[in-house]
Amino acid sequence: KAELPQKKVVRLFSFSDMNRSVSNPGDRGEQMIAVKRIQPITAGEQKEEAMKEQLNYETFLKVANTISHSKEPEEVALMTVEGIKTALDIKGCALFLHNPVTDELKVAASYGLSDEYLNKGPLSALHSIAESLEDGPVAISDAINDPRLQYPEEARKEGISSILSVPIQVNQKTMGALRVYTSEPW
């Protein structure tokens, strides 16, 4: 198992239920990274889990390196959604930017989602998991039957079971949302 760099303290935490609240990082400048973990049962599963953890660490380093060295916002956005999708082994991930004039969320980058799903229609910031832009992260465990979704039928066709929507904030101003999509219910 690779060791984390000594210069930056990073705390890994696991989760099995996205609805469970997670405490804030300590006041020592720590960063928190979500890593989905499954308890291994057999030796083969333990080896597979170790390989997944190594992949998660390598993906994190790749994304962090791109963010710190890239001057292209599009590249940073794409590497972020690809890294999250890969590290969490989920259906897809998308980064949306809020247009305050139209109150719509526009796709800035996505990975793992079909063009048909991404182009399903305008995504209203007022009708599509709207509370995540104002109140913070929102977990939707049943995407097809949840009234907070603007396009539940399209989610069903895409094979989406659950969604986590997290606001993107810069200087305490909400700029958009990062959404994580799973094909398995939480």
Side-chain angles (χ1 to χ4, degrees), residues 15 18-19 31-36 52 55-170 173-186:
F15 58 90
M18 295 300 287
N19 291 319
Q31 293 179 347
M32 296 186 95
I33 304 162
V35 179
K36 185 176 182 182
K52 282 182 184 178
L55 176 63
N56 287 342
Y57 179 71
E58 289 170 3
T59 301
F60 168 72
L61 288 179
K62 183 178 172 184
V63 171
N65 189 46
T66 299
I67 290 171
S68 66
H69 290 95
S70 179
K71 295 183 188 318
E72 299 296 325
E74 295 85 4
E75 182 182 12
V76 171
L78 185 57
M79 287 300 301
T80 300
V81 295
E82 181 181 356
I84 290 170
K85 190 243 184 256
T86 303
L88 297 180
D89 191 25
I90 54 173
K91 170 141 186 72
C93 184
L95 189 147
F96 296 91
L97 296 178
H98 178 242
N99 181 334
V101 175
T102 63
D103 255 339
E104 290 180 355
L105 295 172
K106 299 290 185 184
V107 177
S110 70
Y111 196 80
L113 301 169
S114 71
D115 287 338
E116 183 179 347
Y117 182 73
L118 294 171
N119 297 317
K120 62 193 170 286
L123 200 58
S124 170
L126 304 173
H127 298 103
S128 180
I129 319 176
E131 61 272 11
S132 76
L133 295 177
E134 295 177 11
D135 300 334
V138 173
I140 306 283
S141 58
D142 184 3
I144 295 154
N145 295 308
D146 196 299
R148 295 173 289 184
L149 236 60
Q150 187 177 352
Y151 297 101
E153 180 59 23
E154 287 75 2
R156 184 192 63 74
K157 288 178 187 174
E158 183 73 9
I160 295 170
S161 292
S162 305
I163 302 171
L164 174 66
S165 183
V166 180
I168 299 169
Q169 296 183 333
V170 176
K173 181 180 178 191
T174 301
M175 305 302 288
L178 180 74
R179 292 191 178 169
V180 173
Y181 303 86
T182 69
S183 55
E184 298 295 321
W186 291 324

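Note that this is a predicted model, so its numbers are computed, not measured.
Annotation: the span from Tyr181 atom OH to Cys93 atom SG amounts to 8.0 Å, rounded to 0.5 Å. From Gln150, atom CD reaches atom CG of Leu105 across 9.0 Å, with rounding to the nearest 0.5 Å. A distance of 11.0 Å separates CG of Leu95 from CE of Met175, quoted to the nearest 0.5 Å. The CD1 atom of Ile160 sits 12.0 Å away from atom CD1 of Ile140, with the distance rounded to the nearest 0.5 Å. Between the CG atom in Asn99 and the CG atom in Leu97 there is a gap of 9.5 Å [rounded to 0.5 Å]. With rounding to the nearest 0.5 Å, the separation of NE2 in His98 from NZ in Lys173 is 9.5 Å.
The minimum heavy-atom distance linking Ala143 with Ala155 is given by the pair CB-CB, 4.5 Å.
Counting only distance, with no hydrogens or angles, the side chain of Thr174 and the backbone of Leu133 share a donor-acceptor pair below 3.5 Å. Between the side chain of Lys85 and the main chain of Gly92, no donor-acceptor pair closer than 3.5 Å is present.
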What side-chain donor-acceptor pairs closer than 3.5 Å can you find for residues 112-125, not counting sequence neighbours?
unit_1: Ser114; atom_1: OG; unit_2: Tyr117; atom_2: N; d: 3.0
unit_1: Ser114; atom_1: OG; unit_2: Glu158; atom_2: OE1; d: 2.6
unit_1: Ser114; atom_1: OG; unit_2: Glu158; atom_2: OE2; d: 3.4
unit_1: Asn119; atom_1: ND2; unit_2: Asp115; atom_2: O; d: 3.0
unit_1: Lys120; atom_1: NZ; unit_2: Tyr117; atom_2: O; d: 3.1
unit_1: Ser124; atom_1: OG; unit_2: Leu126; atom_2: N; d: 3.0
unit_1: Ser124; atom_1: OG; unit_2: His127; atom_2: N; d: 3.3
unit_1: Ser124; atom_1: OG; unit_2: His127; atom_2: ND1; d: 3.0

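Ser161 is linked by a side-chain hydrogen bond (donor to acceptor under 3.5 Å, both in side chains) to nothing, counting only residues two or more places apart in sequence or in another chain. Every side-chain hydrogen bond (donor to acceptor under 3.5 Å, both in side chains) that Arg156 has, sequence neighbours left out, goes to Glu153.
Of the candidates Ile129, Leu164, Asp146, Val166, Ile129 is the only one forming a side chain to side chain contact (heavy atoms under 4.5 Å, CB included) with Val138.
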Item to check | CA sep, side-chain torsions, deciding dist, call: Arg148, Ser165, side-chain hydrogen bond (donor to acceptor under 3.5 Å, both in side chains) | outcome: CA-CA 11 Å; Arg148 295 173 289 184; Ser165 183; over 6 Å; no

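Ser132 places none of its side-chain heavy atoms less than 4.5 Å from the side chain of Pro137.
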